[in-house]
2 protein chains.
Amino acid sequence: MFEARTYIERRRQLRNLLGDSIALIYGHSEVPRNYRDNTYDFRQNSSFLYFAGHSISGMFLISTPDGDYLSGYENTVDDIIWTGPLPSLGELAEQIGVSKIIPSDKLADFLRSFGAEIHYLPPYRGDDVFMLASLLGKSPDEIRSGSSRKLLKSVVDLRLVKESCEIIEIEKALAASWDMYQEAARYISDGTSEYTVMAAMKAAAMDHNCTMSFTPIVTIRGEVLHNHSYSGTMKNGNLLLLDSGAETTTGYASDITRTFPVSGKFSDKQAVIYQTVLNAWKKAVSMVKPDITMKELHLAAAGEVAQGLIAAGLMKGNASDAVEAGAHAMFFPHGLGHMMGLDVHDMEDLGDYVGYGDEQRSGQFGLAFLRMARKLKPGYVFTIEPGIYFIDALIDKWKSEGKCRDFIDYDAVDKFRGLGGIRIEDDILVTDNGGRILGKNEIPREIIDVEGLFQDVLMP
Amino acid sequence: MFEARTYIERRRQLRNLLGDSIALIYGHSEVPRNYRDNTYDFRQNSSFLYFAGHSISGMFLISTPDGDYLSGYENTVDDIIWTGPLPSLGELAEQIGVSKIIPSDKLADFLRSFGAEIHYLPPYRGDDVFMLASLLGKSPDEIRSGSSRKLLKSVVDLRLVKESCEIIEIEKALAASWDMYQEAARYISDGTSEYTVMAAMKAAAMDHNCTMSFTPIVTIRGEVLHNHSYSGTMKNGNLLLLDSGAETTTGYASDITRTFPVSGKFSDKQAVIYQTVLNAWKKAVSMVKPDITMKELHLAAAGEVAQGLIAAGLMKGNASDAVEAGAHAMFFPHGLGHMMGLDVHDMEDLGDYVGYGDEQRSGQFGLAFLRMARKLKPGYVFTIEPGIYFIDALIDKWKSEGKCRDFIDYDAVDKFRGLGGIRIEDDILVTDNGGRILGKNEIPREIIDVEGLFQDVLMP
């Protein structure tokens with residue numbers, strides 16, 4: 001948790017944006033895993049964390065023009081028998097600079113007493129829908145369609161710009177990431193399972209008192225973009241793609257991808273593709289500055305991908321024409337990156353306003369998957385994560401449709417099938433006149449350094 | 001997963017119990033952690049696992065008098081681009097011996113076509129309520145009140161008796177538990193944090209390709225019964241209570257509690273209380289046989305607790321009178337144990353029928369928390385876990401009310417405050433003529449063995 005003044009200031013700004021509106025910022029309840037009392041590890045709603053800090057289930061913050069209220073369960077003497085002494089609701093409120101409290105069993109009456117619309121953010125868990133329905137006296141369907149666009153925009157506008165205390169937390173998560181990748185490298189070898197590497201990374205995160213900010217990808221089949229299986233066994237000649245992040249106790253995330261050659265040395269073909277991805281990464285990182293759009297960075301990275309693949313003979317023609325036609329997207333079908341903060345895809349629960357403002361997403365294959373296109377501002381934290389993949393199903397589909405035949409040499413592409421996927425990802429802060437790669441120590445990404453990481457480990 | 005014939009036989013028995021009723025056994029959907037696409041580790045609904053084995057989200061089994069149907073999402077070519085090739089719905093059905101399939105987008109129409117009541121189990125996640133409402137064309141409130149008692153009883157009656165393939169899985173989880181406790185002992189020492197021990201146990205579970213079957217308790221404050229904090233630092237003189245379980249990839253659980261002296265040696269007071277708990281454990285274990293009730297075991301263990309505390313001077317009078325009056329419950333306020341299987345509290349989502357059949361729970365403090373009272377049958381697997389705790393808030397309350405003054409020497413009790421809590425728990429199978437402690441290797445529980453475990457570790 002941060003100091004009380006941090007939350008006081010955030011709530012003051014929220015009140016300013018809301019004018020005379022009343023907002024209910026709900027915390028999460030526990031989620032049952034296989035029965036009600038066997039719950040998943042509790043994860044607080046990120047917007048509640050932002051304004052009220054406490055990672056305790058069943059809490060609410062009520063923002064009114066006349067000040068804020070904290071609501072939650074007030075423990076009884078009987079509870080203390082099972083839980084031991086716990087801070088009272090009043091003490092929890094004091095820790096975040098709130099002076100007024102409402103026990104949660106009085107919250108519905110309290111909200112009704114305003115006789116006014118209560119603004120709330122769109123719920124993404126079924127249990128939250130029922131909870132809001134019961135608190136606000138509405139049907140579940142009314143709740144699902146009735147969230148507040150005004151509150152959503154206010155919260156997003158505040159959370160988009162990171163304060164220095166938030167950057168410190170993100171860099172704590174990155175310190176964990178650094179160890180996670182060092183540990184991973186110790187276990188990458190011919191005959192070892194993906195599972196072993198995953199477990200080593202998880203243990204390294206735990207050593208930093210961090211959880212994983214998302215289910216990590218640890219795979220020799222990097223071309224399978226949504227891959228959460230760890231059943232593969234590494235063989236020399238494979239590439240191992242590792243996409244993972246840590247999450248600090250305050251809820252802030254890191255998100256890093258690296259791709260390692262299992263043998264400790266890239267083959268010639270792997271090196272050509274790896275260097276192309278790295279060039280795309282460098283191009284995008286070098287362009288980061290206020291007022292440039294994420295879409296410009298994405299297209300510049302796509303241009304580097306096309307350029308590199310043209311040089312390697314897999315694509316042909318002019319790189320910028322190829323990007324215009326979307327030909328690069330057969331190799332680089334996803335977006336360049338996403339906002340990061342209290343969520344690894346920051347505020348993804350709040351929808352496209354986060355990445356697009358009031359603009360619309362493109363429908364073009366590739367661009368349609370870009371989570372973020374808006375103009376960068378100082379204080380934004382986001383990922384840059386270009387990649388190149390050889391996806392059999394996608395190549396087969398495009399080839400059979402003759403798609404982008406002027407820009408893609410399908411026969412040459414066939415010779416690279418089986419290479420898998422390569423992605424390089426880091427977390428970037430937009431500064432007043434450029435960008436900064438976050439993390440006190442950079443995790444190796446140059447070919448020579450990635451190969452060197454193995455030599456350090458294997459020949460200590 | 002088990003062989004197809006296991007599931008075929010279970011479903012045949014279910015059809016027999018259901019007669020001409022139609023049942024929808026729903027699998028779980030993914031649960032959002034902090035936004036829809038960032039999900040918790042998927043955990044399948046246990047009853048779906050029992051009848052259909054697949055740990056895949058969004059699946060359904062439909063049991064009809066004319067045979068079974070498997071329903072789920074049928075992957076498209078576009079999906080394969082992101083997921084790689086996956087088994088088709090037909091292949092998944094074949095693996096569990098089901099011959100008929102219904103794509104999930106046709107399921108609502110299919111269910112309506114019966115023109116009959118569709119039986120379903122009570123949902124315990126909000127998202128499942130919405131899913132059932134949409135499938136069955138009912139309101140969320142109708143869904144919550146409309147689950148089938150007939151189906152519930154049928155499923156419970158089948159799942160209560162464990163097959164040999166299930167015992168094998170539970171013993172796999174216990175093999176992980178054995179390593180978890182060996183690893184834990186390596187880290188228990190003056191100045192080390194509870195967190196370190198928890199991380200070591202988690203890593204040991206992962207080495208067995210197991211998850212944790214519930215959020216483990218690792219605490220020097222064992223008297224706090226619902227304690228999921230790991231912020232304490234061990235000191236010589238403390239007891240460390242470890243309650244944890246592993247869960248295999250097929251979903252079967254273990255559940256073990258041990259209490260260790262941080263210094264490696266129990267103090268005299270600790271040893272007296274520990275031995276009393278162990279005697280209660282032994283008493284209950286020795287009585288396990290078909291047709292005895294769990295309530296009898298509980299009361300026998302309570303009798304041993306009273307006997308031991310009378311001998312130690314903390315209680316007085318006659319042990320069985322004390323138990324009758326519920327005086328032991330100030331020290332042993334919880335139930336002796338619970339069913340175990342695909343859930344660590346097996347079928348707790350299905351309510352009291354699991355532990356009580358058609359009987360009612362007692363309202364007496366202590367007995368009210370007994371999760372299970374029913375007659376034991378061969379094939380039942382359950383825990384035996386007596387404990388003694390010195391809970392300040394509870395002692396203060398009873399003392400101020402003068403409760404059970406004839407049986408409790410409150411002045412003597414005061415001298416034991418701060419001792420914490422001691423619990424010993426193992427997993428027991430009811431056999432044809434007795435019981436068997438599950439697990440190939442027993443995890444040490446005699447005082448001499450627990451202390452010896454430390455000597456092995458500390459003086460290798």
Side-chain angles (χ1 to χ4, degrees), chain A residues 28 31-46 77-78 80-85 124-131 133 139-141 195 198-199 202-203 206-207 209 213-215 221 223-228 251 333 342-345 347-350 391-394 397, chain B residues 28 31-46 77-78 80-85 124-131 133 139-141 195 198-199 202-203 206-207 209 213-215 221 223-228 251 333 342-345 347-350 391-394 397:
Chain A
H28 276 319
V31 180
R33 190 173 174 273
N34 48 341
Y35 50 90
R36 188 157 293 282
D37 283 351
N38 199 14
T39 57
Y40 281 107
D41 289 344
F42 180 68
R43 177 52 157 81
Q44 185 58 285
N45 183 294
S46 294
V77 174
D78 281 349
I80 291 167
I81 291 172
W82 305 97
T83 59
Y124 54 91
R125 289 183 183 170
D127 288 315
D128 289 336
V129 175
F130 284 117
M131 173 268 293
S139 75
D141 283 345
Y195 187 81
M198 195 278 279
K202 225 169 181 170
M206 286 197 293
D207 276 348
N209 202 8
S213 55
F214 59 99
T215 307
R221 301 198 55 211
E223 80 283 8
V224 180
L225 296 178
H226 296 174
N227 191 339
H228 293 135
L342 274 167
D343 308 300
V344 60
H345 292 175
M347 301 180 272
E348 191 161 297
D349 60 314
L350 302 179
I391 305 169
D392 280 332
L394 185 57
K397 188 168 180 246
Chain B
H28 276 319
V31 181
R33 189 171 175 274
N34 48 341
Y35 50 90
R36 189 158 293 283
D37 283 351
N38 199 15
T39 56
Y40 281 107
D41 290 345
F42 180 70
R43 176 52 157 79
Q44 185 58 287
N45 182 294
S46 295
V77 175
D78 281 348
I80 291 167
I81 291 171
W82 304 98
T83 60
Y124 54 90
R125 289 183 183 171
D127 288 315
D128 289 337
V129 175
F130 284 116
M131 174 268 293
S139 74
D141 283 345
Y195 187 81
M198 194 277 280
K202 225 169 182 170
M206 286 198 293
D207 277 349
N209 202 9
S213 55
F214 59 99
T215 306
R221 302 198 54 209
E223 80 283 8
V224 180
L225 296 179
H226 295 174
N227 191 340
H228 294 135
L342 275 168
D343 307 300
V344 61
H345 292 175
M347 302 179 272
E348 191 161 298
D349 60 315
L350 303 179
I391 304 169
D392 280 331
L394 185 58
K397 187 167 180 246

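Note on naming: letters A, B, ... go to the chains in the order of the sequence lines (proteins, then strands), and numbering restarts at 1 for each one.
Proximity to chain B is limited to the side chain of A:H28, based on heavy atoms less than 4.5 angstrom apart. The contact between B:L394 and chain A is made by backbone and side chain atoms together, counting heavy-atom distances below 4.5 Å.
Of the residues considered (B:R221, B:K202, B:E223), B:K202 shows the highest number of contacts with chain A, using heavy-atom pairs under 4.5 Å. Ranked by non-hydrogen atom pairs under 4.5 Å with chain A, the options B:P32, B:S139, B:A393, B:A199 are led by B:P32. Interface check for chain B: of the options A:E348, A:R33, A:R125, the most heavy-atom pairs under 4.5 Å are formed by A:R33. Interface summary for chain A: among B:M131, B:R36, B:H345, B:K397, the most heavy-atom pairs under 4.5 angstrom belong to B:H345. Counting heavy-atom pairs closer than 4.5 Å to chain A, the top residue among B:T39, B:N209, B:D207, B:D37 is B:N209. Among B:D141, B:I80, B:T215, B:D41, the residue with the largest count of heavy-atom pairs under 4.5 Å with chain A is B:D41. By number of non-hydrogen pairs under 4.5 angstrom with chain B, the leading residue of A:P85, A:A203, A:G251, A:P140 is A:P140.
The shortest side-chain heavy-atom distance between A:S46 and A:D349 does not fall under the 4.5 Å cut-off. Contact check for A:Y195 versus B:M206: side-chain heavy atoms found under the 4.5 Å cut-off.
Atom CG of residue A:D127 and atom CG of residue B:D127 lie 6.5 Å apart, to the nearest 0.5 angstrom. Rounding to the nearest 0.5 Å places CG of A:N34 at 9.0 Å from CG of B:L342. Considering CG of A:D343 and CG of A:L350, their distance stands at 8.0 Å, rounded to 0.5 Å. Of the inter-residue distances, the one linking A:N38 atom CG with B:F214 atom CZ reads 8.0 Å to the nearest 0.5 angstrom.
B:V224 and A:T83 make their closest contact through CG1-O, 3.1 Å (heavy atoms, listed as atom of the first residue, atom of the second, distance).
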